[in-house]
> 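The structure that follows is given in the form of structure tokens.
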Amino acid sequence: MKKGTFKKAAWRSAVVIIILAASICIGFLVEGGLTLLDEKNYPQEYAEYVSEYSALYGVPEYIVYAAIKTESGFDSSLLSSSGTIGLMQIMPETFEMLTDLTGEAHETGMLYDPETNIKYGTYYLSYLYGIYERWGTVYAAYIVGVDIVNSWLENAEYSTDGVNLTYIPYDETRELVSDLENAAEMYEKLYY
């Protein structure tokens with residue numbers, strides 16, 4: 001091999017190596033940037049409360065975070081047009097039922113407190129999981145209530161086995177359940 005041909009081959013090899021190394025670095029930078037963007041879009045605010053009450057009530061943290069993100073976008077002062085309140089969007093009647101079960105005093109205004117809202121929202125998810133044992137069904141019951149979900153489970157159009165929902169007839173509920181499932185998947189992927 002001639003000396004000039006060898007230099008050209010070595011130069012080409014060096015260029016190829018530099019391009020590969022640059023591509024790998026760019027790939028890592030893009031992946032890191034996307035992960036940071038995902039983490040910004042899926043924050044872990046109120047981590048101390050989520051951790052405490054997830055452990056206490058046996059609900060995976062990523063599910064609690066998904067409920068908070070989907071229900072309120074982490075806005076503790078949110079009051080919906082339907083009357084749900086706070087981070088996990090709890091109905092005052094549901095809060096009253098839950099405080100009766102725990103034997104604790106309640107005032108509806110307490111639902112604006114992040115710790116109280118996360119405590120009872122997580123407790124409610126746990127309570128519903130004890131009934132349904134399937135997160136998709138739990139999400140639906142969390143959104144529309146036990147009575148409606150039970151009627152769907154008894155209807156062959158919506159459940160073929162009386163245990164799993166195969167179809168949710170309310171568009172908004174169907175979309176919220178899908179949003180909750182997607183958010184839970186993202187939280188689990190990013191942090192757990």
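Keep in mind that the numbers below use all heavy atoms, side chains included, and drop hydrogens, waters and symmetry copies.
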> What ring-ring contact (aromatic ring centres under 6.0 Å, His included) pairs are there with at least one residue in residues 78-110, not counting sequence neighbours?
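Those involving residues 78-110 are Phe95-His106, Phe95-Tyr120.
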> Over all heavy atoms of both residues, which pair between Val64 and Ser54 is shortest? Give the atoms and the distance, please.
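Residues Val64 and Ser54, closest heavy atoms: CG2-OG, 3.5 Å.
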> For Asp147 and Asn150, test the side chains for any donor-to-acceptor distance below 3.5 angstrom and give the result as yes or no.
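Looking only at side-chain atoms, Asn150 and Asp147 do not form any donor-acceptor pair under 3.5 Å.
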> For a quick test of reading the model, state the closest non-hydrogen atom pair linking Ser77 to Tyr112 and the distance between them.
O-CE2, 3.6 Å
> Carefully, step by step, assess Asn164 and Asp161 under the rule side-chain hydrogen bond (donor to acceptor under 3.5 Å, both in side chains).
CA-CA 6 Å; Asn164 294 296; Asp161 59 7; 2.9 Å; yes
> Do the side chains of Ile118 and Met91 join up, straight or via other hydrophobic residues, at under 4.5 Å, putting them in one cluster?
no
> Could you tell me how the ring of Tyr123 sits relative to the ring of Tyr57: parallel (under 30°), tilted (30 to 60°) or perpendicular (over 60°)?
tilted
> Atom CD of residue position Glu172 - does it have more than 12 heavy atoms of other residues, nucleotides or ligands inside 6.0 Å?
no
> More than 12 foreign heavy atoms under 6.0 Å from CD of Glu107: is that the case here?
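No, CD of Glu107 has 12 or fewer neighbouring heavy atoms, counting only those of other groups under 6.0 Å.
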> Going by the side-chain contact (heavy atoms from CB on, under 4.5 Å) test, name the single residue among Thr173, Val144, Leu176 that passes it with Ile168.
Thr173
> Say you draw a straight line from CG of Leu79 to OG of Ser72; how long is it, rounded to the nearest 0.5 Å?
12.0 Å
> Nearest heavy-atom pair of Glu71 and Leu87: which atoms, and what distance?
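Heavy-atom minimum between the residues: CB-O, 3.8 Å.
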> Do Tyr192 and Pro60 make a side-chain contact, defined as non-hydrogen atoms from C-beta onward lying under 4.5 Å apart?
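They are not in side-chain contact.
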> Out of curiosity, does Leu78 fall in the hydrophobic cluster containing Leu111 (side-chain heavy atoms, cut-off under 4.5 Å, transitive links)?
no
> Check whether any side-chain N or O of Asn117 sits under 3.5 Å from a backbone N or O of Asp113 as a donor-acceptor pair, and report yes or no.
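Not confirmed, Asn117 side chain does not pair with Asp113 backbone.
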> With rounding to the nearest 0.5 angstrom, report the CE to CG distance, Met186 to Asn41.
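Reported value, rounded in 0.5 Å steps: 8.0 Å.
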> Where is the tightest heavy-atom contact between Ala140 and Val149, given as atom of each residue plus distance?
C-CG2, 3.6 Å
> Can you check whether Thr99's main-chain N or O pairs, donor with acceptor, with Thr102's side chain at less than 3.5 Å?
yes
> Distance from Tyr65 atom OH to Gln44 atom CD, nearest 0.5 Å?
4.5 Å
> With Glu52, which residues qualify under side-chain contact (heavy atoms from CB on, under 4.5 Å), at least two apart?
Glu115
> side-chain contact (heavy atoms from CB on, under 4.5 Å), that's the test. Do Ser151 and Asn155 meet it? Break it down for me.
CA-CA 6 Å; Ser151 72; Asn155 186 327; over 6 Å; no
> Does NZ or CZ of Lys69 lie under 6.0 Å from the centre of the six-membered ring of Tyr187, at an angle within 45° of the ring axis?
no
> Indicate yes or no: at least one non-hydrogen side-chain atom of Leu128 is less than 4.5 angstrom from one of Val146.
yes
> Shortest non-hydrogen contact from Met97 to Tyr124?
CE-CE1, 3.9 Å
> If you round to the nearest 0.5 Å, how far is OH of Tyr129 from CG of Leu125?
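So the gap between those two atoms works out to 12.0 Å.
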> Which heavy atom of Thr70 sits nearest to which heavy atom of Ala183, and what is that distance?
OG1-CB, 3.8 Å
> Hey, what do you get for CG (Asp75) to CD (Gln89), rounding to the nearest 0.5 Å?
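Those atoms lie 8.5 Å apart.
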> Do the two ring centres, one from Trp135 and one from Tyr142, sit under 6.0 Å apart?
no
> With heavy-atom distances below 4.5 Å as the criterion, would you say the side chains of Thr137 and Ile131 are in contact?
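No, too far: nothing below the 4.5 Å cut-off.
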> Is it the case that the side chains of Tyr167 and Arg174 hold a donor-acceptor pair, with the cut-off being a distance below 3.5 Å and no angle test?
yes
> Checking the side chain of Glu133 only, and the main-chain atoms of Gly130 only, is there a donor and an acceptor separated by less than 3.5 Å?
no
> Counting distance only, does the side-chain N/O of Tyr132 pair as donor-acceptor with the main-chain N or O of Ala141 below 3.5 Å?
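Not confirmed, Tyr132 side chain does not pair with Ala141 backbone.
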> Is Tyr62 reachable from Phe74 through a run of hydrophobic residues whose side-chain heavy atoms are each under 4.5 Å from the next?
yes
> Are Val138 and Val163 connected, step by step, through hydrophobic side chains (Ile, Leu, Val, Met, Phe, Trp, Tyr) whose heavy atoms are closer than 4.5 Å?
no
> How many angstroms lie between atom CD1 of Ile85 and atom OG1 of Thr116, to the nearest 0.5 angstrom?
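Between atom CD1 of Ile85 and atom OG1 of Thr116 there are 12.0 Å.
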> Is it the case that atom CD in Glu104 sees more than 12 heavy atoms from other parts of the structure closer than 6.0 Å?
yes
> Evaluate Glu154 against Ser159 for side-chain contact (heavy atoms from CB on, under 4.5 Å), listing each step before the verdict.
CA-CA 7 Å; Glu154 294 170 0; Ser159 175; over 6 Å; no
> Between Thr108 (side chain only) and Pro92 (backbone N and O only), is there a donor and an acceptor less than 3.5 Å apart?
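Judged by distance alone, no pair lies under 3.5 Å.
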> Under 3.5 Å, is there a donor-acceptor pair between the side chain of Thr122 and the main chain of Lys119?
no
